[in-house]
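Before any comments, here is the structure.
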Number of protein chains: 2
Amino acid sequence: MPRTSDKRDRLLHAADRLVLAQGCKQTTLADIARESGVPLGNVYYYFRTKHDICTAVVDSRIDAMRDVLAACERSPDPRRRLLCFLDYPLGHRQALREHGCPLGSLASELSKSGTLKDQSARLVGLLRNWAQAQFEAMGVADAPALALEYTALLQGTSLLAHTLDDDSVVEPLVSRLRARIEAL
Amino acid sequence: MPRTSDKRDRLLHAADRLVLAQGCKQTTLADIARESGVPLGNVYYYFRTKHDICTAVVDSRIDAMRDVLAACERSPDPRRRLLCFLDYPLGHRQALREHGCPLGSLASELSKSGTLKDQSARLVGLLRNWAQAQFEAMGVADAPALALEYTALLQGTSLLAHTLDDDSVVEPLVSRLRARIEAL
DNA sequence: GTCTATAGAGGGATAGAC
DNA sequence: GTCTATCCCTCTATAGAC
């Protein structure tokens, strides 16, 4: 079971795209095999079970988000880091409308899954913990509550854009959040 | 196909509970039959397809939420109506932790479903439109944006409580929202 | 109206040739 | 390491007796 290889990458990438569009449960191994050009029977050489593929997708989502957060951390000012991250949902509002938040929509599905429920908190917890670290670095009172609010608002924004199928809701919501952080 | 009957009610009620706990896709007709005490083959006398059961669940969720909103509308002051509704997530925070928002979590799943995608906007749109009507009645500027923020924050709150499996996030989030509305 | 039995399709997983 | 063929189970839906 190689941890890295060309075919494994293609399978994982295909799985990630399909899960984003359809969800875990809806995505079949046949879908993933077809989309990645790997024969169905060969999928099991790289991933023992479908469950393993899904956890790999979760891990790759977390890695991707870590990269986005790391880019924001190049600013020395925690307030600017929080503002910097807001460019992400704003710049990806069409993707949010089409597929929802890559962390939140997956977490939401997994939280009802039974076997993958525990993966769900990792996804949303990542953003929440990062935001809390920033608010604490700012030295404001109530950093935990502010981080919750920051995270909840962004998750709610993604959920609305996706379920209402309308990306025009993103800009006003992000603008109001931005203004509130600037006023802190 | 009777629109109302004892067995139909039991089936719908069982479906609603199971969908809340597991989601639509995960819930099987056998689950619903067992849970309601109706034999599997008889389910099809009351609902032609599983798709029909799911839309009936959506309708019943919307009806239930309409009742909650109607109760809030007994107050003549739109600000108090908005505050009144906040008692709902606060009083049901344990249910939110266990199952997520009955509107939002279902809408989130259906938005990736293909055949039921269109039902998704009805669920979340209900709360958004109601909130917007209240803010407009208050005569504040930016009622649409305020309604979006109200809805997004509540949906985000439910998503966090559910995916983090932690109901202690609800109270601080609702409190902050309450304070902001009182300050308007 | 009610229920049993089962058809029929789909999907996860495996055997085993190469 | 790769891939075909297929097993086996689950689930939706129907047929048809009562």
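A note on names: the letters A, B, ... follow the listed sequences, proteins ahead of strands, and every chain is numbered from 1.
Residues of residues 23-31 of chain B that place a heavy atom closer than 4.0 Å to DNA chain D, in numerical order, are B:Thr27, B:Thr28, B:Leu29.
The ring pair (Phe, Tyr, Trp, His ring centres under 6.0 Å) test applied to B:His99 returns no partner, not counting sequence neighbours. Residues forming a salt bridge (charged side-chain N to carboxylate O under 4.0 Å, His left out) with B:Arg34 (at least two apart in sequence, or on another chain): B:Asp31. B:Asp6 pairs by the side chain to side chain donor-acceptor pair (under 3.5 Å) definition with B:Arg10, not counting sequence neighbours.
At least one side-chain heavy atom of A:Gln134 sits under 4.5 Å from a side-chain heavy atom of A:Glu73.
Taking NZ from B:Lys50 and OG1 from B:Thr28, the interatomic distance works out to 7.0 Å, rounded to the nearest 0.5 Å.
The 12-atom threshold is not exceeded at CD of B:Gln94, counting heavy atoms of other residues, nucleotides or ligands nearer than 6.0 Å.
A:Ile32 places its CD1 atom 11 Å from the P atom of C:dA13, with the value rounded to the nearest Å. The nearest whole Å value for the distance from the OH atom in A:Tyr44 to the C1' atom in C:dG11 is 8 Å. One interatomic measurement links the two molecules: NZ of B:Lys50 to P of C:dG8, which rounds to 22 Å at whole-angstrom precision.
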Which pairs of donor and acceptor atoms, one on a side chain in residues 170-184 of chain A, lie under 3.5 Å apart (sequence neighbours left out)?
unit_1, atom_1, unit_2, atom_2, d
A:Glu171, OE2, A:Ser175, OG, 2.7
A:Ser175, OG, A:Glu171, O, 3.1
A:Arg176, NE, B:Glu149, OE1, 3.1
A:Arg176, NH2, B:Glu149, OE1, 3.4
A:Arg178, NH2, A:Asp87, OD1, 3.2
A:Arg180, NH2, B:Glu149, OE2, 2.2

Short N/O separations, protein against nucleotides 2-4 of chain C, under 3.5 angstrom:
unit_1, atom_1, unit_2, atom_2, d
C:dT2, OP2, B:Tyr46, OH, 2.4
C:dC3, OP2, B:Lys7, NZ, 2.7
C:dC3, OP2, B:Asn42, ND2, 3.2

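Contact check on A:Asp167 versus A:Arg97 returns a salt bridge, with a Lys/Arg side-chain nitrogen under 4.0 Å from an Asp/Glu carboxylate oxygen.
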